[in-house]
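Attaching a single structure in structure tokens format; questions to follow.
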Amino acid sequence: MFSRPIVIGCPSIAQKGELSNAELVQRLGGNSGNMLFTEAILRNIDRSLFYHGGRLPDDVDGIIIAAANWMNPGDDFSELASLIEATDLPAAIVGIGAQSSVRKEIPRVEPGTIRLMKIVSERSNVISTRGPFSCEVLEFYGIKNSIPTGCPSLLMCGPSGPTVRKHALGSGIVMHGTRHADNIPIDFQSYIYNQAYKLKADILLQSETTDLEIAYGSAPYDVAGQSAHIAGVTYRTENYPNLVNYLRKKAAFFYNLDTWIEYAKNKEFFVGTRIHGTVAALIAGTPALLIAHDSRTIELAQTMGIPYISSEKIDVSKDLDVSALFELCCGYNFPRYKFYRDGFRSFFEANSIPFNWN
């Protein structure tokens with residue numbers, strides 16, 4: 001029984017303090033969406049503690065890892081493996097995912113991450129993954145005790161599931177694309193950012209540090225700088241002053257989950273490629289549609305039963321028909337929510353973790 005577990009993840013931040021937005025993103029594991037699944041665990045397991053680094057407290061009796069799409073080239077979790085290995089505590093991992101294209105090729109997984117998964121596999125009855133493909137990847141690497149649960153973030157909707165408001169579509173549109181740090185986006189993601197810019201819709205930022213630098217900066221904008229180049233390529237514009245004005249008026253970024261949910265309650269429609277941008281809106285009761293663009297988002301949408309459309313069905317030679325996409329999620333009643341919730345119930349019960357189901 002995990003009666004006093006420690007949770008390893010990226011929780012919501014109460015106060016910004018002196019941290020810059022780039023530092024906040026770093027504190028949130030490089031992506032503000034990480035706070036959703038960490039908080040879903042912390043808020044529903046009584047007496048759970050958050051791990052702040054260093055030595056584990058003496059009075060904890062288990063380790064719960066709030067995981068993301070860690071099974072991909074480049075992410076090596078050797079340090080976390082060593083932390084757990086140095087204890088005799090039971091350990092459970094929630095929502096581990098594999099990163100691949102829509103063709104679902106088995107990704108190369110770093111040795112430290114495989115080692116972590118094998119340690120957790122030995123110390124728990126079952127591993128929670130983001131979907132069936134992630135289970136396949138684990139099995140390929142010799143780990144066979146996993147089940148597809150999806151991400152725990154949607155559990156914050158409680159026993160009855162999401163209750164989405166019904167209304168006509170107005171101007172309260174929020175879009176979100178996927179780009180990390182100061183990387184140049186791939187074409188489809190650039191299309192999404194460009195469409196948000198053209199529509200003058202709000203743009204939800206989660207890990208785009210360049211955009212955050214521009215949106216929340218006060219210094220004059222250097223049109224010849226690297227940030228200007230990245231932003232121009234991302235949003236497909238050479239009108240840098242106009243883009244600065246757009247981002248400073250329309251960009252939204254959150255380091256606190258409750259503030260994020262309150263913002264979402266006051267909007268009319270969220271659409272884009274971010275899974276947690278979609279889930280946060282659904283928790284808030286706002287219509288949202290995920291544009292699934294890779295194996296991770298496809299399996300999450302299917303396993304969690306949230307409204308989605310494949311990116312392959314979007315005609316990028318035309319402007320995005322937001323009204324048509326809005327209609328796809330109007331009246332959606334989340335028919336898989338009970339199945340999703342029961343899957344997590346099985347996982348937590350199998351590992352003797354006392355989750356609050358009320």
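The figures that follow rest on heavy atoms only: side chains count, while hydrogens, waters and symmetry mates do not. Nothing here was measured: the structure is a model prediction, and the numbers come from that model.
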Fill in the blank from the handout: Minimal heavy-atom distance between S295 and F133, with the atoms involved, is OG-CE2, 3.7 Å
Completion exercise
Taken to the nearest 0.5 Å, the spacing of N125 CG from E349 CD works out to 12.0 Å
Exercise for the section: May I ask you to say whether R43 pairs ionically with D258, meaning some side-chain N is under 4.0 Å from a carboxylate O? Expected result: yes
Problem - Short N-O contact, D202 and K249, less than 4.0 angstrom - result: no
Exercise for the section: Would you confirm whether T297, through its side chain, and A292, through its main-chain N or O, come within 3.5 Å as a donor-acceptor pair? Expected result: no
Exercise for the section: Take S82 and E79, measure what side chain to side chain contact (heavy atoms under 4.5 Å, CB included) needs, and give me the verdict at the end. Expected result: CA-CA 5 Å; S82 296; E79 289 188 15; 5.7 Å; no
Problem - Straight-line distance of M156 CE to I41 CD1, nearest 0.5 Å - result: 10.0 Å
Problem - Electrostatic pair R274:E208 at N-O distance under 4.0 angstrom - result: yes
Exercise for the section: Please report the closest heavy-atom contact between N358 and R341, naming both atoms and the distance. Expected result: N-NH2, 4.4 Å
Handout entry: Side-chain donor-acceptor pair present, Q99, R296, cut-off under 3.5 Å
Key = yes
Handout entry: Hydrophobic cluster membership, L42 vs L28, 4.5 Å side-chain cutoff
Key = yes
Exercise for the section: Over 60° means perpendicular and under 30° means parallel, so classify the ring planes of F344 and F347, tilted if in between. Expected result: perpendicular
Exercise for the section: Please answer whether the main-chain N or O of I84 pairs with a side-chain N or O of R123 as donor and acceptor at a distance below 3.5 Å. Expected result: yes
Problem - Distance-only donor-acceptor check, side chains E105 and S101, under 3.5 Å - result: yes
Problem - Over all atoms of both residues, closest heavy-atom pair of S100 and D294 - result: O-CB, 3.3 Å
Exercise for the section: Go through the steps for E110 and S78 under the test side chain to side chain contact (heavy atoms under 4.5 Å, CB included), then give the verdict. Expected result: CA-CA 9 Å; E110 300 297 341; S78 299; over 6 Å; no
Problem - Nearest heavy-atom neighbours spanning L243 and G232 - result: CD2-N, 4.2 Å
Practice task
Using the rule that two of Ile, Leu, Val, Met, Phe, Trp, Tyr join whenever any of their side-chain heavy atoms come within less than 4.5 Å, decide whether V60 and F348 are in one cluster.
Solution key: no
Problem - Approximate separation, where rounding is to 0.5 Å, of L56 CG and L89 CG - result: 7.0 Å
Practice task
Measure from the side-chain N and O atoms of S48 to the backbone N and O of I45, and report whether any donor-acceptor pair falls under 3.5 Å.
Solution key: yes
Practice task
Report yes or no: do S227 and E213 form a side-chain donor-acceptor pair below 3.5 Å?
Solution key: yes
Completion exercise
Residue set satisfying salt bridge (Lys or Arg N to Asp or Glu O under 4.0 Å) with E238, at least two apart, ordered chain then number -> none
Practice task
State, without any angle test, whether T178 and T273 hold a side-chain donor-acceptor pair at a distance under 3.5 Å.
Solution key: yes
Exercise for the section: Would you tell me whether S128 and T149 have side-chain atoms, one donor and one acceptor, within less than 3.5 Å of each other? Expected result: yes
Exercise for the section: Fit a plane to each ring of Y235 and Y197, take the angle between them on a 0 to 90° scale, and name the class: parallel (under 30°), tilted (30 to 60°) or perpendicular (over 60°). Expected result: perpendicular
Problem - Contacts of A280 that satisfy side-chain contact (heavy atoms from CB on, under 4.5 Å) - sequence neighbours left out - result: L36, W260, I261
Completion exercise
For G29 and N34, the nearest pair of non-hydrogen atoms, with its separation, is O-ND2, 3.4 Å
Problem - CZ (R336) with more than 12 external heavy atoms under 6.0 Å - result: yes
Exercise for the section: Assess whether side chain to side chain contact (heavy atoms under 4.5 Å, CB included) is satisfied between S134 and E299, documenting all intermediate values. Expected result: CA-CA 8 Å; S134 294; E299 70 172 352; 2.5 Å; yes
Practice task
Consider only side-chain heavy atoms of I, L, V, M, F, W and Y, link residues closer than 4.5 Å, and tell whether M117 and I119 are in one cluster.
Solution key: yes
Exercise for the section: Give the ring-plane orientation class for Y337 versus Y340, where under 30° counts as parallel, over 60° as perpendicular and anything between as tilted. Expected result: tilted
Practice task
Report yes or no: do I214 and V233 belong to one cluster of Ile/Leu/Val/Met/Phe/Trp/Tyr joined by side chain heavy-atom distances under 4.5 Å?
Solution key: no
Practice task
Heavy atoms only: give me the nearest V137-P107 pair and the separation to one decimal.
Solution key: CG2-CD, 3.7 Å
Practice task
Give a yes-or-no answer on whether the side chains of N72 and D75 include a donor-acceptor pair shorter than 3.5 Å.
Solution key: yes
Handout entry: Interatomic distance, L138 atom CG to I96 atom CD1 [nearest 0.5 angstrom]
Key = 7.0 Å
Handout entry: Any donor-acceptor N or O pair under 3.5 Å, side chains T237, N239
Key = no
Practice task
Run the salt-bridge test on E18 and K16 with the 4.0 Å N-O cut-off and return the result as yes or no.
Solution key: no
Practice task
Ignoring hydrogens and angles, state whether a donor on the side chain of T209 or R179 is under 3.5 Å from an acceptor on the partner side chain.
Solution key: no
Practice task
Scan side-chain atoms only and decide if D76 and T113 contain a donor-acceptor pair under the 3.5 Å cut-off.
Solution key: no
Practice task
For Y246 and K200, indicate whether the former's side chain and the latter's backbone hold a donor-acceptor pair under 3.5 Å.
Solution key: no
Problem - Distance-only donor-acceptor check, side chains R236 and S190, under 3.5 Å - result: yes
Handout entry: From CA spacing to verdict: side chain to side chain contact (heavy atoms under 4.5 Å, CB included), V25, Y255
Key = CA-CA 8 Å; V25 171; Y255 55 86; over 6 Å; no
Fill in the blank from the handout: Going by chain and number, the hydrophobic cluster around F188 (ILVMFWY, side chain to side chain under 4.5 Å) further includes L169, I173, M175, Y191, I192, L199, F269, V271, L289, I291, I309, I314, V316, L320, V322, L325, F326, L328
Exercise for the section: Could you tell me whether E268 and R165 have a side-chain N and a carboxylate O separated by less than 4.0 Å? Expected result: no
Handout entry: SB check R55 D58 (cutoff 4.0 Å)
Key = yes
Practice task
Measure the CD1-CG distance between I93 and L80 for me, rounded to the nearest 0.5 Å.
Solution key: 7.0 Å
Practice task
Measure from the side-chain N and O atoms of S12 to the backbone N and O of L257, and report whether any donor-acceptor pair falls under 3.5 Å.
Solution key: yes
Exercise for the section: With sequence neighbours excluded, tell me which residues meet salt bridge (Lys or Arg N to Asp or Glu O under 4.0 Å) with D321. Expected result: none
Exercise for the section: Please confirm whether the backbone N or O of A98 pairs with a side-chain atom of N69, one donor and one acceptor, at under 3.5 Å? Expected result: no
Practice task
Verify the neighbour count for atom OH of Y141: are there more than 12 heavy atoms of other residues, nucleotides or ligands below 6.0 Å?
Solution key: yes
Handout entry: Side-chain donor or acceptor of R130 paired with backbone N/O of L300 under 3.5 Å
Key = no
Exercise for the section: May I ask you to decide if N31's main-chain N or O and Q206's side chain share a donor-acceptor pair within less than 3.5 Å? Expected result: no
Handout entry: Option from V94, I127, V126 for which side-chain contact (heavy atoms from CB on, under 4.5 Å) with N351 holds
Key = V126
Completion exercise
Residues passing the salt bridge (Lys or Arg N to Asp or Glu O under 4.0 Å) test with E136, sequence neighbours excluded, are none
Practice task
Is it possible for you to say whether V120 and Y51 belong to one hydrophobic cluster, with membership spreading through side-chain heavy-atom contacts below 4.5 Å?
Solution key: yes
Practice task
Could you tell me which residues satisfy side-chain contact (heavy atoms from CB on, under 4.5 Å) with R47, sequence neighbours excluded, listed by chain and number?
Solution key: S3, R4
Practice task
Quick one: sort the W357 and F355 rings into parallel, tilted or perpendicular, breaks at 30° and 60°.
Solution key: tilted
Fill in the blank from the handout: So CD of E262 and NZ of K267: to nearest 0.5 Å the spacing works out to 13.0 Å
